[in-house]
**Student:** 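Below is one structure. I have some questions about it.
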Amino acid sequence: PKDGETSTTSTPTSTSTQIDWPQRDAEALAKIHLAVTDTIFPRIMNATSAKQAWDILKAEFEGNEKTTKIRLQNLRREFENLKMKEGETIKDYSSRVIKLVNELKSNGESITDQRVIEKMLVSLSEKFDTVVTVIEESKDLTQLSISELIVSLQIHEDRMSRRNEASGEGAFQSKHKISPFKRNNK
């Protein structure tokens, strides 16, 4: 500028404060690559940007509105038909229930703990009928947590197992008991 004039051009910002978007995108893409399992990785390995990889994952796992509704309907059906399998432990059954409830919730379903507790109580095998009756009559199901229910059922299951083991040992001992009297076969 000449004497008495002011400059109207602004000074460029220093390169140290500029954001390097291509670098950040490459870092984000690398993090997505590292976060997915080996079976998922091939689906996104040709993505050239983090957004492209994210969109591929989103489309595959969320799907569109129609597929989400269908998935949710299938999960609801599975929840309604849920029953404890013969010989299944409380630990295994409760894990199956909680996994299904988590899938329902992650797909947008609103499900209360009370509904889960009620479902568990009506879907247990017959050997739990007495403890189910006791729980229903002695506890306020609206105040009972899922973990408290599971602990109560596991305690009952452990007691039944100990009794069955004890009665089984007694039967085994009496079956092989040797008489103190010797027979004389002459």
Side-chain angles (χ1 to χ4, degrees), residues 21 24-162:
W21 288 113
R24 288 211 176 168
D25 184 61
E27 290 171 4
L29 181 59
K31 288 178 182 180
I32 291 172
H33 283 168
L34 291 171
V36 298
T37 63
D38 292 341
T39 56
I40 304 296
F41 178 74
R43 300 172 195 168
I44 62 166
M45 71 181 195
N46 292 326
T48 56
S49 70
K51 174 145 178 37
Q52 187 181 18
W54 188 258
D55 288 344
I56 291 168
L57 293 171
K58 184 177 179 183
E60 185 165 337
F61 290 101
E62 280 186 10
N64 59 29
E65 190 176 332
K66 184 178 179 180
T67 57
T68 302
K69 285 181 180 180
I70 293 169
R71 184 181 311 120
L72 192 54
Q73 191 62 28
N74 286 335
L75 291 170
R76 286 180 189 135
R77 185 178 304 114
E78 189 177 340
F79 182 77
E80 292 305 320
N81 294 329
L82 196 60
K83 292 268 186 220
M84 186 175 195
K85 297 174 184 172
E86 190 64 36
E88 189 173 28
T89 64
I90 290 295
K91 181 180 178 183
D92 292 339
Y93 179 63
S94 62
S95 293
R96 256 191 332 126
V97 171
I98 290 169
K99 180 182 177 199
L100 183 56
V101 167
N102 287 339
E103 285 183 58
L104 281 162
K105 287 180 178 180
S106 70
N107 280 282
E109 184 74 0
S110 176
I111 187 165
T112 64
D113 284 359
Q114 184 176 355
R115 175 72 180 108
V116 175
I117 289 168
E118 290 168 355
K119 179 60 183 176
M120 287 184 73
L121 290 174
V122 299
S123 62
L124 293 170
S125 61
E126 288 182 17
K127 68 181 181 179
F128 290 97
D129 283 350
T130 55
V131 75
V132 167
T133 302
V134 169
I135 289 170
E136 288 174 337
E137 291 183 7
S138 67
K139 298 193 185 244
D140 181 1
L141 297 183
T142 62
Q143 300 299 314
L144 185 65
S145 72
I146 295 171
S147 59
E148 289 172 328
L149 173 66
I150 293 169
V151 168
S152 293
L153 294 171
Q154 284 178 322
I155 290 170
H156 180 73
E157 184 177 53
D158 290 344
R159 283 184 187 146
M160 288 190 315
S161 292
R162 282 195 303 272

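Only heavy atoms go into these numbers, but all of them, side chains included; no hydrogens, no water, no symmetry mates.
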**Student:** Hey, which of Val151, Ile150, Ile155, Leu149 is the one that makes side chain to side chain contact (heavy atoms under 4.5 Å, CB included) with Leu153?
**Tutor:**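 For Leu153, the side chain to side chain contact (heavy atoms under 4.5 Å, CB included) test succeeds with only one of Val151, Ile150, Ile155, Leu149, which is Leu149.
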**Student:** Does the pair Glu88/Arg96 count as a salt bridge with the N-to-O cut at 4.0 Å?
**Tutor:**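 Salt bridge between Glu88 and Arg96, a charged N being under 4.0 Å from a carboxylate O: yes.
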**Student:** Which value, rounded to the nearest 0.5 Å, describes the distance between Ser125 atom OG and Lys85 atom NZ?
**Tutor:**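 It comes to 13.0 Å.
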**Student:** Which distance, rounded to the nearest 0.5 Å, do you find between the CD of Gln52 and the OG of Ser49?
**Tutor:**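 It comes to 5.0 Å.
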**Student:** Quick one: OG1 on Thr133 to CZ on Phe128, what's the gap to the nearest 0.5 Å?
**Tutor:**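 One gets 13.0 Å once the value is rounded to the nearest 0.5 Å.
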**Student:** Which heavy-atom pair separates Lys139 from Ser152 by the least distance, and what is that distance?
**Tutor:**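 Nearest pair, atom of Lys139 first, then Ser152: NZ-OG, 4.0 Å.
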**Student:** Quickly, which of Leu82, Ile146, Ile111, Asp113 forms a side chain to side chain contact (heavy atoms under 4.5 Å, CB included) with Val101? Name it, please.
**Tutor:**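 Running side chain to side chain contact (heavy atoms under 4.5 Å, CB included) over Leu82, Ile146, Ile111, Asp113 with Val101 returns exactly one hit, Ile111.
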**Student:** First locate atom OG1 of Thr67, then atom CD of Glu60, and finally report the distance between them rounded to the nearest 0.5 Å.
**Tutor:**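 Thr67 OG1 to Glu60 CD: 11.0 Å, rounded to 0.5 Å.
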**Student:** Please indicate whether Lys127 has more than 12 foreign heavy atoms, meaning atoms of other residues, nucleotides or ligands, lying under 6.0 Å from its NZ.
**Tutor:**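 More than 12 within 6.0 Å, yes.
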**Student:** Is the shortest heavy-atom distance from the side chain of Leu141 to the side chain of Ile135 under 4.5 Å?
**Tutor:**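 They are in contact (side-chain heavy atoms under 4.5 Å apart), so the answer is yes.
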**Student:** Salt-bridge test for Glu78 and Arg71: reply yes if a basic N is under 4.0 Å from a carboxylate O, no otherwise.
**Tutor:**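 Salt bridge between Glu78 and Arg71, a charged N being under 4.0 Å from a carboxylate O: no.
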**Student:** Could you work out, with salt bridge (Lys or Arg N to Asp or Glu O under 4.0 Å) as the rule, every residue matching Glu103, not counting sequence neighbours?
**Tutor:**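 In terms of salt bridge (Lys or Arg N to Asp or Glu O under 4.0 Å), with neighbours along the sequence ignored, Glu103 is linked to no residue.
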**Student:** Measuring from atom CD of Glu109 to atom CG of Asn102, what distance do you get when rounded to the nearest 0.5 angstrom?
**Tutor:**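 One finds 13.0 Å between CD of Glu109 and CG of Asn102.
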**Student:** Under 4.0 Å between a side-chain nitrogen and a carboxylate oxygen: does that hold for Asp158 and Arg162?
**Tutor:**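 Answer for the salt bridge query: no.
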**Student:** Are the side chains of Arg115 and Phe79 in contact, using a 4.5 Å heavy-atom criterion?
**Tutor:**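 Yes; the side chains approach each other to less than 4.5 Å.
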**Student:** Please report the shortest heavy-atom distance between Glu80 and Lys119, naming the atom on each side.
**Tutor:**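 Glu80 and Lys119 have their closest heavy atoms at O-NZ, 2.6 Å.
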**Student:** Would you indicate whether the side-chain heavy atoms of Met84 and Ile90 approach each other to under 4.5 Å?
**Tutor:**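 Answer yes - side chains close enough.
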**Student:** Are the side chains of Leu121 and Glu136 in contact, using a 4.5 Å heavy-atom criterion?
**Tutor:**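 Result yes, sub-4.5 Å side-chain heavy-atom pair found.
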**Student:** Is there a side-chain contact between Leu57 and Ile32, using heavy atoms and a 4.5 Å cut-off?
**Tutor:**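 Answer yes - side chains close enough.
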**Student:** Checking Asp25 side chain against Trp21 main chain: does a donor-acceptor pair fall under 3.5 Å?
**Tutor:**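 Checking the backbone N and O of Trp21 against the side chain of Asp25, no donor-acceptor pair under 3.5 Å is found.
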**Student:** Atom CG in Asn107, atom NZ in Lys69: separation rounded to 0.5 Å?
**Tutor:**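 Going from the CG atom of Asn107 to the NZ atom of Lys69 covers 13.5 Å.
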**Student:** What are the two closest non-hydrogen atoms of Lys91 and Gln154, and how far apart are they?
**Tutor:**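 The answer is CB-NE2, 3.7 Å.
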**Student:** Does CG belonging to Asp140 count more than 12 external heavy atoms closer than 6.0 Å?
**Tutor:**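 Yes, enclosed.
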**Student:** Looking at Arg159, I want to see if its CZ is surrounded by more than 12 non-hydrogen atoms of other residues, nucleotides or ligands under 6.0 Å.
**Tutor:**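 No.
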**Student:** Minimum heavy-atom separation for Leu29 and Ala53, please, with both atom names.
**Tutor:**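 Result for this residue pair: CD1-CB, 3.6 Å.
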